[in-house]
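A quick write-up on the structure given underneath.
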Amino acid sequence: MMGFPLQQLRDIHEAPLPDGAMPSGEFWLLLASLTLCGLLLLWLAVRLYRQRAWWRHYLIWRQLQRTDNLTALAINQFLKSLLLCYRPREEIAALTGPAWLLYLDQLGHTRFNQFAAQWEAWLYGGHPLTPPARGALLTQCHLLLFALRRQIPC
C-alpha cells in the first residue's frame, strides 16, 4: 500500500557544481583579447574618420569650384569648417576680417591677406565676387587645403 504522496517526497538539495563551473584561464584570456581587439578597432575607426576629414573637405572644395554664383560667405564657411577640423574652436571663433585672413596666411602659407580690402564688402556688403577674384580665392583655398593635408585633425 502506498502512503501519503507527500511522504514520498525527499528534501530538496542543491545540485553539486559541475567541474569547471568557474571560467577557466583560457576564457579570461579570450575575453581580454577580444576586448583589446574591440578597443583597437574603435581607435582605428576614429582615426580613419579624422583622417578622412581632409577628403570630405576636398570634395566640398570641388563643389565650390563648380558653383556659378559662388559668394565670399560660402568660401568663408568652407574655410571655417575646414579649420575647425584642425584647430580648437576657441582659436578660430574670435577671428574675423583681416585678422582671419592673416591667420589663414600664417597657417597655410597662402596669400588670403591680399583680399583684406574687399573681404568685408564681399562678406557683409553683398558685393558680388568677380570671376578673377573668385578664381584667386579658390586657388588660395586649394593651397590651404593641401597645406593641411599632412596634419592630423583634432
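Trp55 and Leu82 fall within a single hydrophobic cluster, where Ile, Leu, Val, Met, Phe, Trp and Tyr are joined by side-chain heavy atoms under 4.5 Å apart, directly or via other members. In the hydrophobic clustering of ILVMFWY residues, with side-chain heavy atoms under 4.5 Å counting as a link, Leu148 and Leu143 come out apart.
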All N/O donor-acceptor pairs, side-chain side in residues 59-69, below 3.5 Å, sequence neighbours left out:
residue : atom : partner : partner atom : Å
Trp61   : NE1  : Leu138  : O            : 3.2
Arg62   : NH1  : Tyr58   : OH           : 3.3
Thr67   : OG1  : Gln63   : O            : 2.9

For residues 88-105, run the donor-acceptor check on the side chains, cut-off 3.5 Å, and write out each pair with its distance to 0.1 Å, sequence neighbours left out.
residue : atom : partner : partner atom : Å
Glu91   : OE2  : Tyr103  : OH           : 2.4
Trp100  : NE1  : Asn76   : OD1          : 2.9
Asp105  : OD1  : Thr110  : OG1          : 3.1
Asp105  : OD1  : Arg111  : N            : 3.4
Asp105  : OD1  : Phe112  : N            : 2.5
Asp105  : OD2  : Asn113  : N            : 2.8

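Interatomic distance, Glu26 CD to Ser33 OG, rounded to the nearest 0.5 Å: 12.0 Å. If you take CG on Leu70 and CD1 on Ile75, they are separated by 4.0 Å, rounding to the nearest 0.5 Å. Within the model, atoms CG of Leu79 and CG of Leu107 stand 10.5 Å from one another, a figure rounded to the nearest 0.5 Å.
One N or O on the side chain of Trp54 and one on the backbone of Leu145 form a donor-acceptor pair closer than 3.5 Å.
Cluster partners of Tyr49, using a side-chain heavy-atom cutoff of under 4.5 Å among ILVMFWY residues and allowing indirect links: none. Cluster partners of Trp43, using a side-chain heavy-atom cutoff of under 4.5 Å among ILVMFWY residues and allowing indirect links, are Leu40, Leu44. Through ILVMFWY side-chain contacts below 4.5 Å, Leu41 is grouped with nothing and stands alone.
For the pair Phe78 and Cys141, the tightest heavy-atom approach, listed with the atom from each and the gap, is CE2-CB, 4.1 Å. When every heavy atom of Ala136 is checked against every heavy atom of Phe115, the shortest pair comes out as CB-CZ, 3.5 Å. The heavy-atom pair separating Cys85 from Ala53 by the smallest distance is SG-CB, 4.1 Å. Taking every heavy atom of both residues into account, Trp122 and Pro128 meet most closely at NE1-O, 3.9 Å.
Side chains of Leu123 and Thr71 form no contact here, defined as non-hydrogen atoms less than 4.5 Å apart.
With sequence neighbours left out, Thr130 forms a side-chain hydrogen bond (donor to acceptor under 3.5 Å, both in side chains) with no residue at all.
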